[in-house]
Amino acid sequence: MAPIIHVEHLRKVYKVGHEKVIALNDIQLDIQKGEICCIVGPSGSGKSTLLNQLAGLEKPTKGCVYISGQPISEMNEKQLAKFRQAHLGFIFQSYNLLPNLTAAENVAMPLMFKGVGRKKRLTMAKEELKRMGLGKRANHRPTEMSGGQQQRVGIARAFVAKPEVVFADEPTGNLDTTTTRQVLYRMLDIAKQNDITFVMVTHERELATCADRVITIRDGRVESNVLVDEEQKQHDRAEMFKDILEAENKAPPEPKTTVPASSIND
């Protein structure tokens, strides 16, 4: 089966004054559909630059990124915008919620770009917020919610249209340890239920113990690309989320609860 993300000889060079800084140097990698992939590495290693390249947020100096066989590195801004709306979701460290909109209205925004009617998209948004444990916060604005709650709104927004790939840049960087585990659990749970490829950059290597694949970046190169042993992964997830699983009285994996693609444009 062809990988959902394919990277060929990716190189990114920035000009800083009269100097050239090589942020990425000959990156080659594949990520399979439905994988939970963590990109880790020290500060300045190039991991966030790599995420921006994978998501089409920056153009490479050389090489190409393919998502679902489409060369996103070669698309113009109009083509990229259309592709992102149809196939990608994003979770940001800084939440990026619109302060004048309610939680439900923020979550519903990707559906608006897909042409979903207001009533239906708000209904879908509220259902997604319920899955994130925020059903009672649907009509609250960001200023009326804690940081952890705002991040869960951001997660709901990323997943509501069931994109093929969700990119997350340090999504737990502003959260405490307990909230980090709760947020990570929600992200992994929704991704696995809906067979969504989830690519996360994090400086917290312990979070990568829950991934299917761990890519380590150092000095702009792939230092290692490891497919995690299934038994070890299940053990690590059970340990990390033990109290959450006990509280919810469930154990992974859950039955899939996908939203048919045809229903989004109804």
*Asks:* Got a sec: does the CG of Asp219 have more than 12 other heavy atoms crowding it under 6.0 Å?
*Replies:* no
*Asks:* When Glu105 is tested against each of Arg121, Arg141, Arg118 for salt bridge (charged side-chain N to carboxylate O under 4.0 Å, His left out), which residue passes?
*Replies:* Arg118
*Asks:* I need the Glu223 CD to Ile215 CD1 distance, nearest 0.5 Å.
*Replies:* 12.5 Å
*Asks:* Think Lys162 forms a cation-pi with Phe159, using NZ or CZ under 6.0 Å from the six-ring centre and within 45 degrees of its axis?
*Replies:* no
*Asks:* Check for a donor-acceptor pair, side chain of Asn194 on one end and backbone N or O of Ile190 on the other, with a separation under 3.5 Å.
*Replies:* yes
*Asks:* Using modelled atom types only, decide if a donor and an acceptor are shared between the side chain of Asp212 and the backbone of Ile36 within a distance under 3.5 Å.
*Replies:* yes
*Asks:* Nearest 0.5 Å, what's the NZ-CG distance between Lys47 and Leu24?
*Replies:* 12.0 Å
*Asks:* Can you check whether Thr172's main-chain N or O pairs, donor with acceptor, with Gln151's side chain at less than 3.5 Å?
*Replies:* no
*Asks:* To the nearest 0.5 Å, what is the distance between CD (Glu230) and NZ (Lys233)?
*Replies:* 3.5 Å
*Asks:* Would you say the side-chain atoms of Thr216 pair up with the backbone N or O of Val40, donor to acceptor, closer than 3.5 Å?
*Replies:* no
*Asks:* Report yes or no: do Thr179 and Asp176 form a side-chain donor-acceptor pair below 3.5 Å?
*Replies:* yes
*Asks:* Could you work out, with side chain to side chain donor-acceptor pair (under 3.5 Å) as the rule, every residue matching Glu164, not counting sequence neighbours?
*Replies:* Ser68, His87
*Asks:* What I want to find out is whether Asp243 reaches Arg181 closely enough, with some N-O distance under 4.0 Å, to be called a salt bridge.
*Replies:* yes
*Asks:* I'd like to know if the side chain of Glu35 and the backbone of Gln32 have a donor-acceptor N/O pair within less than 3.5 Å.
*Replies:* yes
*Asks:* From Leu97 CG over to Gln149 CD, what is the distance, rounded to the nearest 0.5 angstrom?
*Replies:* 11.5 Å
*Asks:* Tell me if a side-chain donor or acceptor on Lys12 pairs with a main-chain N or O of Lys59 at a distance below 3.5 Å.
*Replies:* yes
*Asks:* Taking Glu128 first and then Arg131, would you say they form a salt bridge - that is, a charged N and a carboxylate O separated by under 4.0 Å?
*Replies:* yes
*Asks:* Working to the nearest 0.5 Å, report the span between CG of Leu101 and CG of Asn106.
*Replies:* 5.0 Å
*Asks:* Ignoring hydrogens and angles, state whether a donor on the side chain of Asp169 or Gln93 is under 3.5 Å from an acceptor on the partner side chain.
*Replies:* no
*Asks:* Please table the atom pairs, donor to acceptor, closer than 3.5 Å between any side-chain atom in residues 70-78 and protein atoms at least two apart or in another chain.
*Replies:*
| from | atom 1 | to | atom 2 | distance (Å) |
| --- | --- | --- | --- | --- |
| Ser73 | OG | Val65 | N | 2.9 |
| Asn76 | OD1 | Lys78 | N | 3.2 |
| Asn76 | OD1 | Gln79 | N | 2.7 |

*Asks:* Taking atom CG of Asp30 and atom CG of Asn225, what is their separation to the nearest 0.5 Å?
*Replies:* 8.5 Å
